[in-house]
Amino acid sequence: MKSITDNAFRGLLIIGAIALFLAFNSFVVINPGQAGVLSILGKAQDGTLLEGIHLKPPFVSQVDIYDVTVQKFEVPAQSSTKDLQYLSASFAINFRLDPMRIVEIRRKQGTLANIVTKVIAPQTQEAFKIAAARRTAEESITQREELRQDFDIALSQRLEKYGIVLLDTSVVDVKFSDEFAHAVEDKQIAEQQAQRAVYIAQQAQQEAQAEINRAKGKAEAQRLLAETLKSAGGQLVLQKEAIEAWREGGAQMPRVLVMGKDAGSVPFLFNLGDPDEEPVAKPVDSNDRPLPNSKSGSKVSSKDLF
């Protein structure tokens, strides 16, 4: 009797273990950011398994889980530009799988690794060829953002039919052939030299214009001075300025100062004599010669000149 009871208990334990095993294999948990595909006897079933708990037949079923969050891969690409220059680039591709098309992706592309190598990489190459062929090599440098936008549009349209949503791309690196790189460098040097030549020419033109302005100003000043001298009292102004220049410059006064009576001459002859003696005025004739019978005139101090 006891043995029968022990056997029954063991049977219940086995049945319970089997039931528990079947229970754990009869459902699957899909976490946030994931999507699952249920396959029964190797055939993918319609309908994506989204996050939550889902039942599945034990032993004969399998659930493939895909990450539907943002994925990032760097993909290289090569192409020729509009002017037949070699151009290579590396792109950072941000994408995610469409959760509602996971079953289709499972049937056609398989795993995520296959998606990258068999879909994204070749489609990136083709999209880059389309974008690069629209521009020359120089425009690919100066219009880098436009190049990226054209690449995004072309790649997005190509990946959409595979259930892949393109979120963003960025150009990691762009390389040209060595010959083109040297040509660009030589062109930049030539442009800098040309700009310097233009600057030097402009500077010379400005200096020439400055000389012209200074010459015009000097000519205008001389014209005004000439008009001043032509006016009444101009001769006296020159005489006064000459005497003041002698005094201020420390030069000695001349030993003989002739002043005739005409407008262009000085009316008296002053024999200054020794520096300590005061000048004596002597009468002169119309030809500025001393009169023969004239005696020494009165002494005239230098302050009586003006």
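Just so it is clear, the model here is predicted, and its values are computed rather than measured.
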Worksheet entry | Audit row: Y66, V37, side-chain contact (heavy atoms from CB on, under 4.5 Å) steps and yes/no | CA-CA 8 Å; Y66 288 83; V37 178; 4.2 Å; yes
Discussion item. Pair F95, I120 - check side-chain contact (heavy atoms from CB on, under 4.5 Å), show working.
Written reply: CA-CA 10 Å; F95 68 94; I120 295 180; 3.3 Å; yes
Practice prompt. May I have the step-by-step check of side-chain contact (heavy atoms from CB on, under 4.5 Å) for I164 and D98, ending in yes or no?
Written response: CA-CA 6 Å; I164 302 172; D98 187 353; over 6 Å; no
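The shortest distance between side-chain heavy atoms of S80 and L87 does not fall below 4.5 Å.
At a cut-off of 3.5 Å, with distance as the only test, no side-chain donor of E211 or N213 sits close to an acceptor on the other residue.
Atoms CD and CG, on Q109 and N114 in that order, are 9.0 Å from each other to the nearest 0.5 Å.
Salt-bridge annotation for R148 and D168: present, with a side-chain N of the basic residue lying under 4.0 Å from a carboxylate O of the acidic one.
For R96, the salt bridge (Lys or Arg N to Asp or Glu O under 4.0 Å) test picks out no residue, with sequence neighbours left out. Under the rule for a salt bridge (Lys or Arg N to Asp or Glu O under 4.0 Å), the partners of D150 that lie at least two apart in sequence or sit in another chain are R134, R135. The ring-ring contact (aromatic ring centres under 6.0 Å, His included) search around F151 returns F91, not counting sequence neighbours.
Judged purely by atom type and a 3.5 angstrom limit, T48 uses its side chain to pair as donor or acceptor with the backbone of P99.
When hydrophobic clusters are built by joining Ile, Leu, Val, Met, Phe, Trp and Tyr residues whose side-chain heavy atoms come closer than 4.5 Å, directly or via intermediates, L50 is not grouped with V68. Linking Ile, Leu, Val, Met, Phe, Trp and Tyr residues whenever their side-chain heavy atoms come within less than 4.5 Å places V70 and V165 in a single cluster.
Around the CD1 atom of I200, the shell of radius 6.0 Å holds more than 12 heavy atoms that belong to other residues, nucleotides or ligands. Environment of CD in E145: crowded, with over 12 heavy atoms of neighbouring residues, nucleotides or ligands closer than 6.0 Å.
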